[in-house]
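Working notes for the structure below.
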Amino acid sequence: MDEPRDAIFESIPSIEILRRRDDYRWNHVLEPILEDTNGGALPDLGLLEGGIRVLLSELERYRLPEYLVYVNPENRLEVGPLSFTSALVGHRAERLVQACELGANALNSLETGSLQVSAVSSRALLELAIVCWDIHQKLMDPWRTVHGKISRVRAETRASESITFRVLWETRMGTRFYDPGEGWPQAMNIATRISRIGRLLPEVPHIYDLLCDATHPNMESHATLWRTDRRLIGGLDALRFAPGQSNSPVRLAVVESIILSFRLIIPFARDLWWIAADITNCCDMTVNAQTRTLGLPGRTGRNQLCSCGAGELTRECSHPEPHFDFMAEFTSSREC
């Protein structure tokens with residue numbers, strides 16, 4: 001860890017929800033809730049617990065930015081090392097905090113019985129994760145061609161049409177609210193991204209569709225208020241109205257989506273930091289008041305641990321690309 005926890009980290013309300021201060025773990029709290037569900041196999045709650053711990057560790061690992069260099073359509077082509085790196089680090093912080101906020105709200109609402117609210121939050125989290133997955137390699141592939149080559153990294157950070165920066169900027173600034181005629185990029189329809197990830201992870205569209213049905217005024221949104229405790233009334237089949245006690249399979253989809261989302265967001269966040277550290281090291285951006293305010297991985301001394309996070313001394317570090325084995329990390333972390 002570079003520095004002690006900062007005030008921004010401590011101010012995030014969802015941190016305390018995910019940590020739980022009542023001597024219980026989320027896997028223990030949710031197990032009886034999910035066992036009381038109509039149909040479907042229980043997800044691996046150990047992976048949920050491990051994913052929470054890895055997410056919190058990643059968020060706490062580096063100081064969060066106090067400010068972000070704002071790049072609007074008018075100055076998008078005026079990219080430089082500072083604005084490039086700030087965009088990477090700022091987006092990393094955004095995605096990790098959003099994962100905490102949405103994941104915590106989904107879990108807390110699931111525990112208290114507000115199932116539709118839980119579905120809304122977990123659906124938003126899953127959409128966030130799908131976007132991360134969809135642009136991940138689009139950011140990484142072009143950067144791999146310059147990684148380790150100081151002159152090329154320096155040139156890339158000043159290139160007006162850097163693919164890595166353009167993909168990142170268009171994703172962060174994508175909108176359906178602001179006028180595209182003013183230069184704002186149009187946000188891509190999430191259905192397009194879901195179709196792509198579904199070819200690799202076929203369970204994603206199923207989970208997403210169920211969460212959507214619970215979010216919109218469709219059948220499963222109504223089912224979040226009922227239990228399948230059937231009885232005959234006047235010879236007709238009837239269900240029990242039980243707000244806060246529904247046994248809808250949406251419960252399972254909520255937990256599955258959270259595990260999956262953490263699995264996709266964490267490696268994305270790590271790679272954003274890796275690219276940022278590559279830039280600051282190649283451009284000799286040492287730690288100073290400016291880099292601290294922006295939360296950048298400033299170049300460290302030769303005999304200090306490298307800011308890229310590889311765990312090697314700066315003079316020996318080749319800035320290897322981060323490796324992420326979610327099953328290994330989530331499994332080992334749940335035992336901590």
Side-chain angles (χ1 to χ4, degrees), residues 2 58-59 61-62 64-65 68-71 75-96 99 128-174 185 188 193 196-197 200 263-287 291 294-300 305-312 314 316-326:
D2 277 1
E58 190 64 28
L59 184 60
R61 191 176 185 187
Y62 304 111
L64 296 173
L68 168 74
V69 175
Y70 178 64
V71 180
N75 59 13
R76 180 177 70 85
L77 300 182
E78 300 171 6
V79 63
L82 199 64
S83 56
F84 200 133
T85 314
S86 179
L88 291 161
V89 170
H91 195 53
R92 171 189 178 271
E94 290 166 344
R95 288 306 189 230
L96 290 174
L128 192 78
I130 291 169
V131 172
C132 290
W133 174 87
D134 195 47
I135 70 167
H136 194 164
Q137 296 311 313
K138 295 175 185 176
L139 292 171
M140 293 294 288
D141 286 343
W143 194 261
R144 291 186 182 106
T145 65
V146 304
H147 170 60
K149 306 173 182 70
I150 294 177
S151 60
R152 293 192 63 185
V153 167
R154 290 178 176 178
E156 186 72 10
T157 60
R158 293 178 171 85
S160 61
E161 278 303 324
S162 165
I163 296 175
T164 297
F165 184 82
R166 177 171 55 80
V167 170
L168 180 64
W169 184 84
E170 289 180 353
T171 302
R172 286 196 67 250
M173 308 302 278
M188 182 182 294
R193 302 185 193 272
R196 285 200 283 258
I197 195 173
L200 179 67
R263 170 185 168 185
L264 299 177
I265 292 171
I266 292 169
F268 176 74
R270 287 182 181 174
D271 282 340
L272 291 179
W273 184 268
W274 175 72
I275 297 174
D278 207 13
I279 295 172
T280 56
N281 278 281
C282 288
C283 296
D284 292 322
M285 297 169 64
T286 55
V287 177
T291 60
L294 295 174
L296 307 186
R299 181 177 175 83
T300 50
L305 289 178
C306 182
S307 58
C308 74
E312 299 178 15
T314 299
E316 301 172 345
C317 189
S318 61
H319 314 304
E321 186 175 333
H323 173 70
F324 181 71
D325 182 337
F326 94 93

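- For the atom pair Arg193 CZ and Cys132 SG, the distance stands at 9.5 Å (nearest 0.5 Å).
- Side-chain N or O atoms of Trp273 include one that pairs as donor or acceptor with a backbone N or O of Ser307 at under 3.5 Å.
- In plain terms, the two heavy atoms of Tyr62 and Arg92 that are nearest each other are CD1-NH2, 3.5 Å.
- Here the side chains of Ile265 and Leu128 are in contact, with some heavy-atom distance below 4.5 Å.
- In plain terms, the two heavy atoms of Arg270 and Phe324 that are nearest each other are NH1-CD1, 3.3 Å.
- Side-chain contact between Arg144 and Gln137 is present, with heavy atoms from C-beta onward closer than 4.5 Å.
- Checking Phe165, Trp169, Phe84, Phe268 one by one against His91, the ring pair (Phe, Tyr, Trp, His ring centres under 6.0 Å) holds for a single residue, Phe268.
- Considering every non-hydrogen atom in both Val89 and Ala276, the closest pair reads CG2-CB, 3.8 Å.
- When side chains are defined from C-beta on, Ile163 does not count as touching Asp141, because their heavy atoms never get closer than 4.5 Å.
- Between Val146 and Val153, the closest heavy-atom pair is O-CG2, 3.3 Å.
- Judged purely by atom type and a 3.5 angstrom limit, Arg152 uses its side chain to pair as donor or acceptor with the backbone of Thr145.
- For the atom pair Leu296 CG and Leu88 CG, the distance stands at 9.5 Å (nearest 0.5 Å).
- Put simply, the side chain of Arg299 does not reach to within 4.5 Å of the side chain of Thr291, judged on heavy atoms.
- Between Pro81 and Arg158 there is a side-chain heavy-atom pair separated by less than 4.5 Å.
- A donor-acceptor contact shorter than 3.5 Å links the side chain of Arg61 to the backbone of Gly309.
- Of all non-hydrogen atoms in Leu64 and Ala93, the two that sit nearest each other are CD2-CB, 4.0 Å.
- The shortest distance between side-chain heavy atoms of Pro297 and Asn281 does not fall below 4.5 Å.
- With sequence neighbours left out, the side-chain contact (heavy atoms from CB on, under 4.5 Å) criterion links Glu312 to Cys317.
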For this session: Take Val69 and Leu294 through the test side-chain contact (heavy atoms from CB on, under 4.5 Å) and record every step on the way to the result.
Result: CA-CA 8 Å; Val69 175; Leu294 295 174; 4.0 Å; yes

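- The closest side-chain heavy-atom distance from Thr171 to Met188 is not below 4.5 Å.
- Residues Cys283 and Thr157 come closest through the heavy atom pair SG-OG1, 4.1 Å.
- To the nearest 0.5 Å, atoms CE (Met140) and CG (Leu272) are separated by 8.5 Å.
- Residue Trp143 is tested with Asp271, Asp278, Thr164 for a side chain to side chain donor-acceptor pair (under 3.5 Å); the sole match is Asp278.
- Looking only at distances, no side-chain donor or acceptor of Ser86 sits under 3.5 Å from a matching main-chain atom of Leu82.
- Here the OG-CD distance, from Ser162 to Glu156, works out to 3.5 Å after rounding to the nearest 0.5 Å.
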